[in-house]
Protein chains: 2
Amino acid sequence: MGASKNMLFDDGQNNLAAIFKALAHPARIAILQELLKRNSCVCGELVDVLPLSQATVSQHLKELKQMNILQGEIEGKRVCYCINKDTWSTISNEIAGFFEQINQTKTCCNE
Amino acid sequence: MGASKNMLFDDGQNNLAAIFKALAHPARIAILQELLKRNSCVCGELVDVLPLSQATVSQHLKELKQMNILQGEIEGKRVCYCINKDTWSTISNEIAGFFEQINQTKTCCNE
DNA sequence: AATTATCATCGTAATATTGCAATAACAAAA
DNA sequence: TTTTGTTATTGCAATATTACGATGATAATT
C-alpha cells in the first residue's frame with residue numbers, strides 16, 4: 001500500500017496531518033528557517049544555501065507553495081519567495097490548539 | 001532515491017523534521033486525539049476506535065513510542081498507552097519556538 | 001535573434017511509508 | 001497445561017517520497 005486511507009479520517013485529522021507532512025523534511029525546515037531569518041524574501045539564493053540540486057529545491061518549494069505556506073512572486077527572471085504570514089499564523093494556531101488539548105491532571109497508569 | 005539526505009542538515013533541522021514526521025499521518029493524529037480526549041489512558045480499545053487493522057494500529061503506536069510521544073505500560077495481557085507529558089511539552093515548545101521566529105514587520109515583495 | 005540566467009517540469013531510480021494477513025509472544029484464565 | 005485474549009512482529013504488496021539529470025519555459029541581456 002503506502003497510500004494512507006484519508007477517507008477514513010475526518011477533515012480536521014487529515015488537515016492537521018497534511019500540515020505536519022509539509023513540514024516533515026529537514027530541507028523544508030531549512031528553507032523556512034532561511035526565510036524566517038532574513039528580513040526580506042529570498043529571491044533565488046535558496047539553491048546556494050541548501051545542499052541539494054536546483055530541481056530538488058524547486059520540488060520542496062512547490063510542496064510548501066501547495067500548502068500555501070509560501071508565496072512566490074516573479075521578479076524579472078527570478079522568483080521571490082516569502083512566507084505567507086496568514087497561513088503561517090493559521091497553522092501555528094491550529095498546531096498550538098492541538099498541543100493545548102492535553103489534560104494537565106494526573107491521568108496515566110504509571111503516575 | 002526516497003532517502004532524505006539527513007546528514008546534510010543540522011541536528012535542529014533533522015529533529016524538528018522528525019517530530020513533524022511522527023505527527024504527519026491522520027491515524028496518528030486520531031490516536032493522539034483519542035488519548036487527549038479521555039481523562040485516562042487507553043488500554044486496548046484503540047483498535048476499535050480506528051478504522052484500521054490491529055497490525056496497522058500497532059505499527060503507528062510503535063512510531064509514536066519511538067519518538068517518546070507515547071509510553072506504554074503492560075497491564076496484564078493488555079497494554080496501557082498514554083501520552084508522555086514531558087515529551088509532549090518539549091515538542092510543543094520546540095514547535096512553538098519555530099513558529100514564533102517570524103518577523104512581524106512588513107518584509108515581502110508583494111506587501 | 002541569439003545567449004544567458006533562473007526556475008519549473010519530466011522521467012527515472014532508489015528508498016520509505018502504509019496496510020494487512022498471518023503468525024509469534026505472552027500473560028491470564030480455565 | 002491448554003485455551004483465550006491482546007499486542008507485536010514478519011513478510012509481503014502497493015503507493016508515496018526524495019533526489020537529480022535533462023529539458024522546457026520565460027525573461028533579461030547582448
Side-chain angles (χ1 to χ4, degrees), chain A residues 1-9 13-14 17-31 34-35 41-67 70-82 109-110, chain B residues 1-9 13-14 17-31 34-35 41-67 70-82 109-110:
Chain A
M1 314 251 161
S4 77
K5 304 173 80 173
N6 291 335
M7 63 299 296
L8 299 177
F9 299 97
Q13 290 161 343
N14 285 323
I19 291 169
F20 285 129
K21 192 190 264 184
L23 303 172
H25 195 287
R28 294 195 288 275
I29 298 293
I31 288 170
E34 189 65 29
L35 288 167
C41 25
V42 174
C43 302
E45 303 126 63
L46 274 176
V47 175
D48 304 330
V49 174
L50 295 173
L52 296 170
S53 75
Q54 184 268 325
T56 305
V57 173
S58 184
Q59 220 172 244
H60 284 301
L61 288 168
K62 187 182 177 184
E63 286 185 66
L64 292 169
K65 275 187 288 180
Q66 274 171 344
M67 288 298 290
L70 294 190
Q71 51 197 176
E73 193 90 345
I74 295 171
E75 292 247 315
K77 63 185 160 188
R78 284 165 163 263
V79 175
C80 168
Y81 290 107
C82 57
C109 329
N110 48 333
Chain B
M1 318 248 158
S4 78
K5 304 173 81 171
N6 292 336
M7 64 295 298
L8 300 177
F9 299 97
Q13 290 161 344
N14 284 323
I19 291 169
F20 286 129
K21 193 191 263 186
L23 303 172
H25 195 288
R28 295 195 287 276
I29 298 292
I31 287 170
E34 189 65 27
L35 288 165
C41 25
V42 174
C43 303
E45 305 126 61
L46 273 175
V47 176
D48 304 330
V49 174
L50 295 172
L52 296 170
S53 75
Q54 184 268 324
T56 304
V57 173
S58 184
Q59 219 171 246
H60 285 302
L61 289 168
K62 187 182 179 185
E63 286 185 67
L64 292 170
K65 274 188 287 183
Q66 274 171 342
M67 287 299 291
L70 293 190
Q71 52 196 178
E73 194 89 345
I74 295 170
E75 294 245 314
K77 63 184 160 190
R78 283 164 164 261
V79 175
C80 169
Y81 291 107
C82 57
C109 329
N110 48 331

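Small disclaimer: the values here were computed from a predicted structure and weren't measured. Throughout, a chain's letter reflects where its sequence line sits, starting with A, and its residues are numbered from 1.
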Chemist: How long is the line joining NE2 of His25(A) and P of dT15(C), in whole Å?
Modeler: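 To the nearest whole Å, that distance equals 15 Å.
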Chemist: Scan Glu63(B) against the nucleic acid and name what it touches under 4.0 Å (heavy atoms): base, sugar-phosphate only, or nothing.
Modeler: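 It contacts sugar-phosphate atoms only.
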Chemist: Let me know the distance between CD of Glu75(A) and C1' of dA8(C), rounded to the nearest Å.
Modeler: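 Atom CD in Glu75(A) sits about 18 Å away from atom C1' in dA8(C).
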Chemist: Separation of Leu61(B) atom CG from dT7(D) atom P, in whole Å?
Modeler: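 Going from Leu61(B) (CG) to dT7(D) (P), I get 9 Å.
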Chemist: Partners of Gln54(A) by side-chain hydrogen bond (donor to acceptor under 3.5 Å, both in side chains), sequence neighbours excluded?
Modeler: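 Checked Gln54(A) against side-chain hydrogen bond (donor to acceptor under 3.5 Å, both in side chains); zero matches.
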Chemist: Starting the side chain at C-beta, find the nucleotide from dT17(C), dC7(C), dT9(D) nearest to Lys21(B).
Modeler: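 Of dT17(C), dC7(C), dT9(D), dT17(C) is nearest to the side chain of Lys21(B).
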Chemist: List in chain and number order the residues that pass side-chain hydrogen bond (donor to acceptor under 3.5 Å, both in side chains) with Gln59(A), two or more places apart in sequence or in another chain; answer none if no residue qualifies.
Modeler: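 In terms of side-chain hydrogen bond (donor to acceptor under 3.5 Å, both in side chains), with neighbours along the sequence ignored, Gln59(A) is linked to no residue.
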Chemist: Return the nearest nucleotide to the side chain of Lys62(B); candidates are dA8(C), dT9(D), dG21(D).
Modeler: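 Nucleotide nearest to Lys62(B)'s side chain: dT9(D).
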Chemist: Taking only the side-chain heavy atoms of Tyr81(B) (C-beta and beyond), determine which of dA19(D), dT29(D), dA8(D) contains the nearest atom.
Modeler: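 Within the option list, the nearest is dA8(D).
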Chemist: Rounded to the nearest angstrom, tell me the gap between atom CG in Leu23(B) and atom C1' in dT18(C).
Modeler: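 After rounding, the reported distance stands at 17 Å.
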Chemist: Which of the following nucleotides, dT9(C), dT18(D), dG19(C), is nearest to the side chain of His60(B)?
Modeler: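 When the side chain of His60(B) is considered, dG19(C) is the closest of dT9(C), dT18(D), dG19(C).
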Chemist: Side chain of Gln54(A), base of dA8(C): donor and acceptor closer than 3.5 Å?
Modeler: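 Check passes, donor-acceptor contact within cut-off.
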Chemist: Report yes or no: does Arg28(A) contribute a side-chain atom to a donor-acceptor pair with the main-chain N or O of Ala17(B) at less than 3.5 Å?
Modeler: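 Between the backbone of Ala17(B) and the side chain of Arg28(A) there is no qualifying donor-acceptor contact (under 3.5 Å).
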Chemist: Please tell me which of the listed nucleotides, dT6(C), dT6(D), dT9(D), lies nearest to the side chain of Ser58(B)?
Modeler: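 Output: dT9(D).
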Chemist: Would you tell me if any nitrogen or oxygen in the side chain of Thr56(A) comes within less than 4.0 Å of OP1 or OP2 on dC20(D)?
Modeler: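 Answer is yes, contact under 4.0 Å.
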Chemist: Counting side-chain heavy atoms from CB outward, which of dA5(C), dA22(C), dC7(C) is closest to Ala55(B)?
Modeler: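 Nearest listed nucleotide: dA22(C).
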Chemist: Rounded to whole angstroms, how far apart are CZ on Arg78(A) and C1' on dA8(C)?
Modeler: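 Atom CZ in Arg78(A) sits about 16 Å away from atom C1' in dA8(C).
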Chemist: Taking the side chain of Arg28(A) as heavy atoms from C-beta outward, which of dC20(D), dC7(C), dT18(D) is closest to it?
Modeler: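 Of the options given, the side chain of Arg28(A) lies nearest dT18(D).
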Chemist: Determine whether Phe20(B) and Ile29(A) make a side-chain contact, defined as any pair of heavy atoms from C-beta on separated by less than 4.5 Å.
Modeler: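 Yes - at least one pair of side-chain heavy atoms lies under 4.5 Å apart.
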Chemist: Map Ile74(A) and Ser53(A) onto DNA chain D by nearest heavy atom, then report which one ends up closer to the 5' terminus.
Modeler: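 Looking at DNA chain D, the more 5' nearest nucleotide goes with Ser53(A).
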Chemist: Rounded to whole angstrom units, what separation is found between the CD atom of Gln66(A) and the P atom of dA8(C)?
Modeler: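 Going from Gln66(A) (CD) to dA8(C) (P), I get 12 Å.
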Chemist: Relative to the ring of His25(B), is the ring of Phe9(A) parallel (under 30°), tilted (30 to 60°) or perpendicular (over 60°)?
Modeler: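 The rings of Phe9(A) and His25(B) stand perpendicular, inter-plane angle above 60°.
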Chemist: Measure from CD on Glu73(B) to P on dT6(D) and round the result to the nearest Å.
Modeler: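 About 19 Å, once rounded to whole Å.
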Chemist: For the side chain of Leu52(A), counting heavy atoms from C-beta on, which of dG19(C), dT7(D), dC20(D) is nearest?
Modeler: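 Nearest to the side chain of Leu52(A) among the choices is dC20(D).
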Chemist: What is the distance from CZ of Phe20(A) to C1' of dT18(C), rounded to the nearest Å?
Modeler: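 Rounding to the nearest Å, CZ of Phe20(A) and C1' of dT18(C) are 19 Å apart.
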Chemist: Are Val79(A) and Leu61(A) packed together at the side-chain level, in the sense that at least one heavy-atom pair is separated by less than 4.5 angstrom?
Modeler: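 Result no, sub-4.5 Å side-chain heavy-atom pair not found.
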Chemist: Measure from the side chain of Gln59(B), starting at C-beta and using heavy atoms only, and say which of dG11(C), dC7(C), dG19(C) lies closest.
Modeler: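 The listed nucleotide nearest to Gln59(B)'s side chain is dG19(C).
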